[in-house]
Amino acid sequence: MPPNADGASEDGGLYTMEEVSLHGSKEDCWVVVQGGVYDVTDFLAIHPGGAGILAGLGGKDATDFFMELH
């Protein structure tokens, strides 16, 4: 089930970092930015910095990296 931007799961609960960490591949890539959980799998192909950079952050909290560049 895909995440919601507010970090909540579809059942209204919150995703744990353990759950997010299960989605760290190019085929299934979620990142956390400022507490929001994002499924960026489909965005990898068009990410301006390249798929590898974003995929490398899959399953992790990418807040610091994101804020540094945006």
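Worth saying up front: this structure is predicted, and the values here are computed from it rather than measured.
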Nearest heavy atoms of T63 and Q34, plus distance in Å: OG1-N, 2.7 Å
Residue pair M17 / G59: nearest heavy atoms and the distance that separates them: CE-O, 4.1 Å
Atom pair CZ/CG of F66 and L54 - distance to nearest 0.5 Å: 10.0 Å
State, with a plain yes or no, whether a side-chain heavy atom of [X] is found less than 4.5 Å away from one of [Y].
X	Y	value
C29	L44	yes
Y38	V33	yes
V31	K60	no
I53	F65	yes

Mutual orientation of the aromatic rings belonging to W30 and Y15 [parallel < 30°, tilted 30-60°, perpendicular > 60°]: perpendicular
Step-by-step side-chain contact (heavy atoms from CB on, under 4.5 Å) determination, E27 to T41: CA-CA 6 Å; E27 295 77 26; T41 308; 5.7 Å; no
hydrophobic_cluster_shared for L22 and V37, side chain cutoff 4.5 Å: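 In one cluster: no.
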